[in-house]
Amino acid sequence: VQLQASGGGLVQAGGSLRLSCALSGIISTINALGWYRQIAGKERELVAGITIADITNYLDSVNGRFTISRDVLKNKMYLDMDTLKPEDTAVYYCVADSDDRAIYGRRKWLYWGQGTQVTVSS
């Protein structure tokens, strides 16, 4: 499974941004999709996850501001980020896994895409 993230960039605080992730390969084995981020100097953290049953889970600090979704026909996943804050500045990674429990962040995800930089200016 290959993942290709896009959509990062520079945005002012309070603004919005949409990240996209294109999936390819044997995606029939995938039961969970998600987005991680790595803030400079910190460990990676799971921002949002979604299962093939569309069950979602969010990091507390983004809940209500970020929305994860998927388009089965296009083999794509999205992260809509609203009311962005400077502390959201990070490299964002799209991820996939065969275990839907991965959305709760208790295991390392199997497949990782390259990161895309999101910078929120104050």
Side-chain angles (χ1 to χ4, degrees):
V1 176
Q2 294 80 45
L3 301 99
Q4 180 76 35
S6 61
L10 174 64
V11 63
Q12 287 189 329
S16 300
L17 206 59
R18 168 176 262 203
L19 303 183
S20 299
C21 181
L23 286 80
S24 60
I26 308 176
I27 58 177
S28 60
T29 62
I30 300 305
N31 291 302
L33 299 169
W35 291 92
Y36 264 79
R37 71 183 180 188
Q38 186 161 24
I39 298 170
K42 296 187 178 181
E43 292 187 356
R44 291 181 183 180
E45 57 184 357
L46 180 61
V47 175
I50 185 168
T51 71
I52 59 170
D54 289 328
I55 296 169
T56 57
N57 189 47
Y58 294 93
L59 184 68
D60 285 346
S61 61
V62 308
N63 200 15
R65 299 189 297 120
F66 290 12
T67 303
I68 188 171
S69 61
R70 64 192 187 99
D71 187 326
V72 176
L73 294 179
K74 294 182 179 179
N75 292 331
K76 284 192 170 182
M77 170 180 59
Y78 305 99
L79 185 67
D80 288 296
M81 304 183 292
D82 297 318
T83 319
L84 281 161
K85 304 176 181 179
E87 51 264 43
D88 295 317
T89 295
V91 178
Y92 285 73
Y93 300 86
C94 56
V95 293
D97 202 287
S98 57
D99 189 339
D100 60 5
R101 294 170 296 179
I103 69 167
Y104 301 109
R106 299 192 190 98
R107 53 173 281 162
K108 184 178 179 180
W109 289 63
L110 286 175
Y111 306 103
W112 290 71
Q114 92 292 354
T116 185
Q117 177 71 46
V118 172
T119 302
V120 184
S121 62
S122 56

Just how far is it from atom [atom1] of [X] to atom [atom2] of [Y], taken to the nearest 0.5 Å?
X	Y	atom1	atom2	value
E87	S61	CD	OG	8.0 Å
L23	I30	CG	CD1	7.0 Å
Q114	Q2	CD	CD	12.0 Å
S122	Q12	OG	CD	9.5 Å

Test side-chain contact (heavy atoms from CB on, under 4.5 Å) on M81 and R65 and set out the steps. CA-CA 6 Å; M81 304 183 292; R65 299 189 297 120; over 6 Å; no
Validation row: [X], [Y] side chains within 4.5 angstrom (heavy atoms):
X	Y	value
Y58	I68	yes
L3	V1	yes
L19	C94	no
L84	F66	yes

Worked verdict on Q117 versus T89 for side-chain contact (heavy atoms from CB on, under 4.5 Å): CA-CA 8 Å; Q117 177 71 46; T89 295; 4.0 Å; yes
Same apolar cluster: [X] and [Y], side chain cutoff 4.5 Å:
X	Y	result
L59	V95	no
W109	Y104	yes
I103	V47	no
Y111	I50	yes
L17	V62	yes

Side-chain donor or acceptor of D100 paired with backbone N/O of T51 under 3.5 Å: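 No; zero donor-acceptor contacts below 3.5 Å.
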Which residues pass the salt bridge (charged side-chain N to carboxylate O under 4.0 Å, His left out) test with D54, sequence neighbours left out?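 Scan of D54 (salt bridge (charged side-chain N to carboxylate O under 4.0 Å, His left out), adjacent residues dropped) gives R70.
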Suppose the criterion is side-chain hydrogen bond (donor to acceptor under 3.5 Å, both in side chains): which pairs have a residue in residues 13-23, not counting sequence neighbours?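 Output for this query lists S16-D82, R18-D80.
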Which residue pairs pass the side-chain hydrogen bond (donor to acceptor under 3.5 Å, both in side chains) test with at least one member in residues 27-38, sequence neighbours excluded?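 For residues 27-38: R37-E45, R37-D88, R37-Y92, Q38-R44.
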Of all the heavy-atom pairs spanning L33 and A96, show the shortest one and how long it is.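 Heavy atoms of L33 and A96 come nearest at CD2-CB, 3.8 Å.
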